[in-house]
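A quick write-up on the structure given underneath.
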Protein chains: 2
Amino acid sequence: MLSVAEENYIKCIFKKSERSLAAVSTNAIAEAMQTKAASVTDMLKRLSEKELLHYKKYKGVRLTAAGNEVAKQLVRKHRLWEVFLVEKLDFSWDEVHDIAEELEHISSDELTEKLDKFLGYPKYDPHGDPIPDQEGNIKYRSKVTLKELEVGETGHVVGVRDSSATFLQYLDEVRITLGSTLTLRNRFAFDGSVQIELADGRALVLSEQVAKNLYITVNS
Amino acid sequence: MLSVAEENYIKCIFKKSERSLAAVSTNAIAEAMQTKAASVTDMLKRLSEKELLHYKKYKGVRLTAAGNEVAKQLVRKHRLWEVFLVEKLDFSWDEVHDIAEELEHISSDELTEKLDKFLGYPKYDPHGDPIPDQEGNIKYRSKVTLKELEVGETGHVVGVRDSSATFLQYLDEVRITLGSTLTLRNRFAFDGSVQIELADGRALVLSEQVAKNLYITVNS
DNA sequence: TTCCTAATTTAGTCCCACCTAAAAGAAGTG
DNA sequence: CACTTCTTTTAGGTGGGACTAAATTAGGAA
Ligand SMILES: [Mn+2]
Ligand SMILES: [Mn+2]
Ligand SMILES: [Mn+2]
Ligand SMILES: [Mn+2]
């Protein structure tokens, strides 16, 4: 039985090392967890004691297979609850993260599976992130940020890199949603902003900041 | 912001003093919380410090208005989640208590209200207990235990006094559910057991133990 | 009223999860 | 190599929430 704090650390480390295979530094964890490096060292020792991660002083950490398993189940629960909140309870996509941050710690496995069934086995959460299956398998989609697109290429929005409420509310405002189809029309060297055209014909200029945080799958 | 432990104590004290107006003793709390009296004393001092209850050494405790408010919101959340688990996720009524015991601590008020709406504003939980409304009002139903019924009287099942899994599973087994209509046909002095007749004509003998734990509203 | 017993509180520890301050290692620079 | 700077760990401390053992009090029985 892990505490909420232990689970949050595990998930945080998982996110930092997902798709990178490098060890995660103490400072990186401290920053992400909004705590101090000394507290992180403390926790790393405890989690290492429980064989959830490999820890060698000054060398950063990586999760063990067991730690990875724990992390993926947490991500699964987090994303399933987000789907529930948006699809069933009518929350908007910028309101669900903090609530799911609590709900992901409810321990019943049976609950997770029944929730998954109730939701119709969704593959992606409201932010376009893939939901791990019961065994922890995650289907990553190939995607690039809008910033990396070539002028003239067309693709559709499949996710956001930053899911802060302010960014999501901005997207609502300019009516860009998951699934929106867009074509990159122009890139401005001056400030890195880009001009896009949406399927409904609207032309928009988006800042570099926005372009870096929108994930696109190029239509093939 | 209250901790999960603090919330559980508050709810426990509420349940002990609901409908009795007497102060609750340290030992009674210790027994219900499965902990030691010394730990209870500790917690009572903290909760008293937070003005959630009135505490005088050796005199037992009673909740303040604020404490009562907290308790009723917890009961509201607990029972709403139980309805969700049974109605939407297809859990049976004997499986939901422990899960709701965790879910009741999710803090978002907006979540509670949206859940209530999603469920269609239910009045009772799967065990027949009333769900407090948003303001904390609880509609108690007049009810007696089956043991208190007079021979010849007819009523219907509106709740259970004991909602342990074993009792609920027993009721499933003999096909008695909330809403079942029954008539008391006989009472046996030997062991206090009772004979009832159900609406479908079935005659059953129930032990005194069972009769004491079934709540009935007499048909008027 | 005095005694006895059960209930309750106090005292002293423990572990968890955080903190600050200080020490120590890593890694690059002249 | 010696220095500097940044990162990380260690040391020491706090509060929450539990425990056991010992002291105290309330309240009923004699
Ligand atoms: Mn969390
Ligand atoms: Mn998400
Ligand atoms: Mn609880
Ligand atoms: Mn219930």
**OP:** May I ask you to list the residues of residues 44-63 of chain B, by number, that have any heavy atom positioned under 4.0 Å from an atom of DNA chain D?
**Re:**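 Output list: Arg46(B), Tyr58(B), Lys59(B).
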**OP:** Under 4.0 Å from any atom of DNA chain D, heavy atoms only: list the residues of residues 25-35 of chain A that qualify, in numerical order.
**Re:**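 Heavy-atom contacts with DNA chain D come from Ser25(A), Thr26(A), Asn27(A).
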**OP:** Could you tell me from which nucleotide to which nucleotide of DNA chain C, 5' to 3', there is an atom under 4.0 Å from chain B heavy atoms?
**Re:**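 On DNA chain C, the outermost contacted nucleotides are dA7(C) to dT10(C).
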**OP:** Please identify each residue that fulfils ring pair (Phe, Tyr, Trp, His ring centres under 6.0 Å) with Tyr9(A), with sequence neighbours left out.
**Re:**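 Result, ring pair (Phe, Tyr, Trp, His ring centres under 6.0 Å) vs Tyr9(A): none returned.
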Original post:
Excluding sequence neighbours, so at least two apart, what forms ring pair (Phe, Tyr, Trp, His ring centres under 6.0 Å) with His105(A)?
Top reply: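 Applying ring pair (Phe, Tyr, Trp, His ring centres under 6.0 Å) to His105(A) gives none.
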Subject >> Centroid-centroid under 6.0 Å between His97(B) and His78(B) rings >> reply: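 Aromatic pair counts; centres sit under 6.0 Å.
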**OP:** For the helix from dT1(C)-dA30(D) to dG30(C)-dC1(D), measure the angle between the helix axis at one end and the axis at the other, each built from five pairs, rounding to 10°.
**Re:**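 About 20° separates the two local helix axes.
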**OP:** Evaluate whether atom CD of Gln169(B) has more than 12 neighbouring non-hydrogen atoms of other residues, nucleotides or ligands under 6.0 angstrom away.
**Re:**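 It does: Gln169(B) CD has more than 12 such atoms within range.
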Subject >> Residues Lys212(B), Asp162(B): salt bridge by 4.0 Å N-O rule >> reply: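 Asp162(B) and Lys212(B): not salt-bridged.
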Which residues pass the salt bridge (Lys or Arg N to Asp or Glu O under 4.0 Å) test with [X], not counting sequence neighbours?
X         : value
Lys147(A) : Glu208(A)
Glu69(A)  : none
Arg187(B) : none
Glu51(A)  : none

What donor-acceptor contacts under 3.5 angstrom involve side-chain atoms of residues 23-43 of chain B, with partners at least two apart or in another chain?
residue: Ser25(B); atom: OG; partner: Ala28(B); partner atom: N; Å: 3.1
residue: Thr41(B); atom: OG1; partner: Ala37(B); partner atom: O; Å: 3.2

**OP:** Using the heavy-atom set of chain A and a strict 4.0 Å cut-off, write down the first and last nucleotide of DNA chain D that makes it in, 5' to 3'.
**Re:**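 With heavy atoms of chain A under 4.0 Å away, the range is dT7(D) to dT10(D).
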